[in-house]
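Working notes, structure below.
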2 protein chains.
Amino acid sequence: MARKVTVRDVAAAAGVSTATASRALTNSPSVNPEMARRVLKASSDLGYSANVFARALRTQRTDTIGMVVPSINNDYFTAAVEAVEKELADSGRSLILCDARESVETEAQRIELLVQRMVDGLIVVPVTAFDSVPAIEQAVQQGPVVLLDRWADAAGADYVGGDNADGLRQCVVHLREQGCSSIVYVGAQPRTSTAYERHKAFRELMEPDGGADGPGVHGSALLGEFSFEWGVEATRQLLAGDVLPHGIVCGADIIAVGVLSTLREAGVVVPDQVKVVSYDDSFLGRLTMPRLSSVRQPIDAMAAEAVRLLDDRSGRTDAPVRKSIFMPSLVVRESTGR
Amino acid sequence: MARKVTVRDVAAAAGVSTATASRALTNSPSVNPEMARRVLKASSDLGYSANVFARALRTQRTDTIGMVVPSINNDYFTAAVEAVEKELADSGRSLILCDARESVETEAQRIELLVQRMVDGLIVVPVTAFDSVPAIEQAVQQGPVVLLDRWADAAGADYVGGDNADGLRQCVVHLREQGCSSIVYVGAQPRTSTAYERHKAFRELMEPDGGADGPGVHGSALLGEFSFEWGVEATRQLLAGDVLPHGIVCGADIIAVGVLSTLREAGVVVPDQVKVVSYDDSFLGRLTMPRLSSVRQPIDAMAAEAVRLLDDRSGRTDAPVRKSIFMPSLVVRESTGR
DNA sequence: CTGAAAGCGCTAACAG
DNA sequence: CTGTTAGCGCTTTCAG
């Protein structure tokens with residue numbers, strides 16, 4: 001898959017040197033407008049387009065950024081991808097997308113691959129908060145890296161994320177306003193920063209004095225995976241108990257879908273008997289019956305910010321490390337009463 | 001994001017010429033085993049990895065293939081992506097993935113982008129059967145192209161897809177076996193080959209003698225989009241009619257989810273009153289209540305075949321154009337009773 | 001089997 | 001403002 005026309009051809013057709021042709025083609029400031037016009041004409045006549053590899057080899061830039069997400073089968077991540085892609089397209093750049101398949105090993109390989117391809121920067125949604133660190137830190141040595149949505153303790157990487165504590169607070173406040181006096185959290189093991197922060201926020205909200213940590217004092221939490229199956233399993237555990245809680249806060253929509261489906265199977269009516277609220281505001285949550293109340297993060301703005309941080313850092317390598325936190329908002333739908 | 005170590009460094013460290021180093025690194029047949037060993041050692045000591053761009057510039061190959069899908073927010077397509085990606089990883093190659101955002105214009109841009117990046121081949125799931133053709137034909141000029149799942153009338157492109165007529169036949173046969181004597185098809189306008197073929201198959205199945213085409217003879221069909229909203233809308237139209245059909249065949253799971261949700265809202269019990277079957281066997285269909293009976297295509301095998309066709313063609317440019325059709329199978333779940 | 005040297009296509013010095 | 005020239009890092013003739 002190759003392009004035949006080269007700068008030399010364009011230069012010849014325009015009757016100038018390759019240097020002038022190149023300058024005209026890259027909108028270099030100092031070039032006679034008339035020459036420039038001729039070159040551009042020749043270029044489009046011949047259907048010229050610069051060889052990406054020759055240019056990259058020379059300039060050490062690729063006008064491409066790389067992105068690695070934990071799973072491409074996840075609404076929330078693909079929304080982030082689309083937002084980043086749009087942002088880049090607006091500045092004439094493109095994206096190489098990689099899927100880590102929820103595996104730290106694959107993630108490391110993909111990061112390595114993108115670094116080899118000399119992407120101008122890397123946006124990573126890390127698979128885990130800890131095991132993903134080595135690969136990320138290695139990438140940081142080579143160029144700017146921004147962590148998106150999930151944080152990892154990798155030195156030198158900027159971060160753009162949502163305020164999980166606030167999002168969870170909104171869930172709990174909303175449920176209480178709806179009259180829920182007992183609330184259970186169904187989330188994921190704290191292997192990602194988001195799972196950790198949401199769970200922590202829930203615990204803290206359940207012990208308002210911030211004091212005693214004795215059993216029964218804080219609201220109970222069930223921790224598993226970010227998956228439909230875990231939502232099902234956790235709900236079965238709740239159903240097996242003496243009484244159901246008035247409200248359930250889920251760590252992600254995919255879990256909530258499992259919860260809703262299992263509650264319905266058991267004949268429990270949502271939101272009348274139990275109210276369910278969740279996190280992500282994904283496509284999925286709008287397909288359920290009842291539709292899910294869910295915390296929405298401003299993913300487009302977050303994506304734009306991630307690209308901006310990348311650009312800042314490729315300017316000055318020594319820029320201080322930054323965290324940029326966005327406030328989420330709860331979108332209320334039928335699953336919490338209306 | 002650059003690598004510092006070059007072949008020259010490796011050659012120096014191993015005490016050989018760059019030519020020998022290069023040969024050893026690329027497993028060239030004619031190179032003294034002892035030299036080779038020294039080079040490989042030096043290479044790993046220095047943490048060498050070849051500059052992708054210099055190599056591509058020289059060899060005109062990138063060990064990368066490009067893939068363009070209509071939407072990254074679609075289970076079925078992301079399953080195809082994962083399958084292709086796995087297949088490539090097995091042969092040490094990688095994938096650049098692009099999202100056409102359901103737009104023919106974006107699709108054309110992305111195809112152009114990938115061609116410029118000199119991918120060794122292109123796998124495209126076209127946005128439409130007709131408007132996508134020019135961009136694809138242009139790509140065919142530059143290198144091997146395989147259409148996956150959806151066909152488009154682009155000269156020179158190979159095709160790997162499922163047998164939609166057979167899949168639809170399985171749906172209809174199954175519904176009839178379940179006692180449905182009236183069946184409606186809810187699908188998409190024939191802008192993609194899959195929508196076209198499924199609708200056509202349905203029509204032909206409803207007129208068993210293949211003869212008269214008068215109104216009322218063939219089963220009725222509602223055509224809209226591949227979307228949740230269209231499933232909702234079509235179902236409202238059905239509910240507004242005198243009687244509901246015994247069975248509904250949907251053109252895709254996403255439509256079926258809209259259908260199921262609207263039927264439930266109206267108090268119609270699936271599968272007791274109406275049976276619903278669909279196409280794609282996506283993740284989505286396993287989350288509904290009742291779970292969807294759906295036609296499953298062997299996407300992994302199809303992906304592997306797509307890569308194989310690509311490789312065949314990059315061997316001999318004049319290879320005859322091929323279509324490779326895979327048989328689907330219906331996965332029966334609760335939405336058609338059991 | 002190995003080395004010297006050419007050059008993939010491009011842009012950036014450096015002269016003019 | 002324009003042209004000449006060097007070279008990014010790699011592979012591959014072409015000689016030896």
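Letters go in sequence order (proteins before strands), and every chain restarts at 1.
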Among C:dC8, D:dT2, C:dC10, the nucleotide that comes nearest once only the side chain of B:L57 is considered
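Output: C:dC8.
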Of the nucleotides C:dG9, D:dC8, D:dC10, which has the atom closest to the B:R58 side chain?
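Of the options given, the side chain of B:R58 lies nearest D:dC10.
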For residues 16-24 of chain B, which residues have at least one heavy atom under 4.0 Å from DNA chain C?
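Contacts with DNA chain C under 4.0 Å: B:V16, B:S17, B:A19, B:T20, B:R23.
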How about [X] and [Y]: does a side-chain donor come under 3.5 Å of a side-chain acceptor?
X: A:R93; Y: A:S91; result: yes
X: B:S132; Y: B:R150; result: no
X: A:T194; Y: A:T192; result: yes
X: B:S324; Y: B:R308; result: no

It should be established whether B:N51 places a side-chain nitrogen or oxygen under 4.0 Å from OP1 or OP2 of nucleotide D:dC8.
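Indeed not, no polar side-chain atom of B:N51 lies that close.
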Just how far, in rounded Å, is [atom2] of [N] from [atom1] of [X]?
X: A:M118; N: D:dG9; atom1: CE; atom2: P; result: 9 Å
X: A:R37; N: D:dC1; atom1: CZ; atom2: C1'; result: 17 Å
X: B:N27; N: D:dT12; atom1: CG; atom2: P; result: 13 Å
X: B:R8; N: D:dT11; atom1: CZ; atom2: C1'; result: 12 Å
X: A:R55; N: C:dG9; atom1: CZ; atom2: C1'; result: 10 Å
X: A:Q116; N: D:dC10; atom1: CD; atom2: P; result: 11 Å
X: B:Q60; N: D:dT13; atom1: CD; atom2: P; result: 13 Å
X: B:R61; N: D:dT12; atom1: CZ; atom2: P; result: 10 Å

With nearest nucleotide decided by heavy atoms, which residue, B:M35 or A:T59, maps closer to the 5′ end of DNA chain C?
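Taking each residue's closest nucleotide, the earlier one in sequence belongs to B:M35.
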Residue whose closest nucleotide on DNA chain C lies nearer the 5' end, B:V31 versus A:A54
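Per heavy-atom nearest nucleotide, the more 5' residue is B:V31.
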Working note: A:R110 + A:E107, criterion salt bridge (Lys or Arg N to Asp or Glu O under 4.0 Å); need CA distance, chi angles, decisive distance, verdict.
CA-CA 5 Å; A:R110 294 301 177 271; A:E107 180 180 53; over 6 Å; no
Give the intermediate values and the outcome of side-chain contact (heavy atoms from CB on, under 4.5 Å) for residues A:E85 and A:L97.
CA-CA 9 Å; A:E85 213 261 2; A:L97 175 63; over 6 Å; no
Report the C-alpha distance between B:R55 and B:D63 in whole Å, list the side-chain angles of each, state the deciding distance to 0.1 Å, and finish with yes or no for salt bridge (Lys or Arg N to Asp or Glu O under 4.0 Å).
CA-CA 10 Å; B:R55 174 173 286 170; B:D63 287 326; 5.4 Å; no
Identify whether any heavy atom of A:T26 sits under 4.0 Å from a base atom; if not, whether one sits that close to sugar-phosphate; answer base, sugar-phosphate or nothing.
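Sugar-phosphate: the residue A:T26, judged by heavy atoms under 4.0 Å, touches backbone atoms but no base.
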For B:Y76, what residues pass the ring-ring contact (aromatic ring centres under 6.0 Å, His included) criterion, not counting sequence neighbours?
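Here no residue qualifies.
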If an axis is fit to five pairs at each end of the helix from C:dC1-D:dG16 to C:dG16-D:dC1, what is the angle between the two, to the nearest 10°?
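Result, rounded to 10 degrees: 40°.
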Assess whether side-chain hydrogen bond (donor to acceptor under 3.5 Å, both in side chains) is satisfied between B:R117 and A:S94, documenting all intermediate values.
CA-CA 11 Å; B:R117 299 206 141 247; A:S94 50; 4.6 Å; no
